[in-house]
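In what follows, residues are counted from 1 in the order of the sequence shown. Both counts, for ligands and for their atoms, begin at 1 and track the order of listing.
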Amino acid sequence: MRVLSGIQPTGHVHLGNYLGAIRGWVEDQHHYDSFFTVVDLHAITQDQDPAELSAAVLELYATLLGSGLDPELSTIFAQSQLNEHPALAWLLECTATYGELHRMTQFKDKGKGSESVRAGLFTYPVLMAADILLYQADRVPVGEDQKQHLELTRDLAIRFNHRFGETFVIPEPAIPKVAARVMDLQSPERKMSKSQATPLGILYVLDRPEEIKKKISRAVTDAESQAAYDPSKRPGVSNLLEIFAAVSGTHPAQIAERYSSYGTLKADLTAALVAELEPVRLRTEEYLADRAELVRIMNHGAEKARAVAAPTLARAKEAMGFIVG
Ligand code: TRP
């Protein structure tokens with residue numbers, strides 16, 4: 001079984017990315033033939049700054065390694081290192097329809113019907129399909145918000161196989177249930193998100209212990225004193241309990257029973273988060289301190305990725321009638 005997932009290098013990695021995605025990947029690499037990619041080509045569909053892009057790619061790549069992704073066990077690379085991705089995306093774009101892409105809710109949300117929206121934002125889901133299909137992935141861990149893109153990926157693969165002959169594996173989405181949604185610490189009715197960050201609402205994996213302490217101690221709760229898990233009525237404290245449960249591998253309601261004061265709940269949660277994140281931060285900083293070595297590891301990942309992606313692209317081209325070799 002092969003797994004593939006991707007993450008965008010936009011802003012720093014936050015707790016939602018870590019608990020909802022990265023930690024699951026670290027687990028997956030022990031059970032599946034695993035491919036993980038920093039989708040930097042997807043990061044230029046909206047305004048971008050070249051210096052920020054390169055810094056963000058290196059930081060994210062280092063954070064993946066610091067979180068425990070092992071470049072020997074998994075294949076870890078940046079999407080832009082392989083021209084196979086945009087090449088297959090073009091072939092697939094010529095099988096996808098305007099109407100199909102126009103129905104993508106993420107495009108509608110981000111594009112807001114504007115004329116000046118980039119064409120790349122419109123075709124974004126096809127590039128994502130190429131990311132997945134190039135590696136013949138069986139299983140794709142993604143958040144709930146990416147389900148529609150996965151459906152499109154499956155449709156495109158089925159259509160291609162039908163029209164040009166068996167070429168692609170049809171992938172299945174894998175939506176994690178644990179901590180799939182870590183909420184903003186200041187506005188707990190809203191997902192923790194890079195695009196809507198309030199300064200104290202978002203906890204970054206590379207935050208120092210004092211920063212974690214500050215953000216957790218100021219996290220919004222409610223006027224009750226006894227902790228209880230009730231996401232709709234008591235979103236703030238429920239989010240803290242959910243985070244605590246995800247970090248300690250228990251259930252939110254069980255943790256709630258142990259606390260009569262928010263002060264001790266917050267202190268213990270801070271300690272648990274620091275214990276989880278501090279080693280990640282220290283390892284990530286070590287990787288970031290040696291840029292040449294980090295780039296060497298990236299190149300090694302890209303080489304392993306190419307060994308799978310290049311033959312898939314060749315098969316797809318040949319199936320469509322291009323002269324290959
Ligand atoms: N679109 C995904 C997101 O925004 C990122 C992504 C790009 C991805 N290519 C992928 C995820 C391939 C899984 C597989 O989260």
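Within the model, atoms CG of N83 and CZ of R306 stand 7.5 Å from one another, a figure rounded to the nearest 0.5 Å.
Salt-bridge check for R118 with D47: passed, with a basic side-chain N closer than 4.0 Å to an acidic carboxylate O.
No donor-acceptor pair closer than 3.5 Å links the side chain of D184 to the backbone N or O of R190.
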What does the contact table look like for ligand 1 (nitrogen or oxygen on each side, cut-off under 3.5 Å)?
from     : atom 1 : to   : atom 2 : distance (Å)
ligand 1 : 1 (N)  : Y124 : OH     : 2.8
ligand 1 : 1 (N)  : Q146 : OE1    : 2.9
ligand 1 : 4 (O)  : Y124 : OH     : 3.1
ligand 1 : 4 (O)  : Q146 : NE2    : 3.4
ligand 1 : 9 (N)  : D131 : OD2    : 2.7

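Using cut-offs of 30° and 60° on the angle between ring planes, the pair F107 and F122 is perpendicular.
Judged as a side chain to side chain donor-acceptor pair (under 3.5 Å), the pairs with a partner in residues 53-73 (not counting sequence neighbours) are, in order, H12-E59.
Checked against a 6.0 Å centroid threshold, the rings of Y32 and Y135 do not count as neighbours.
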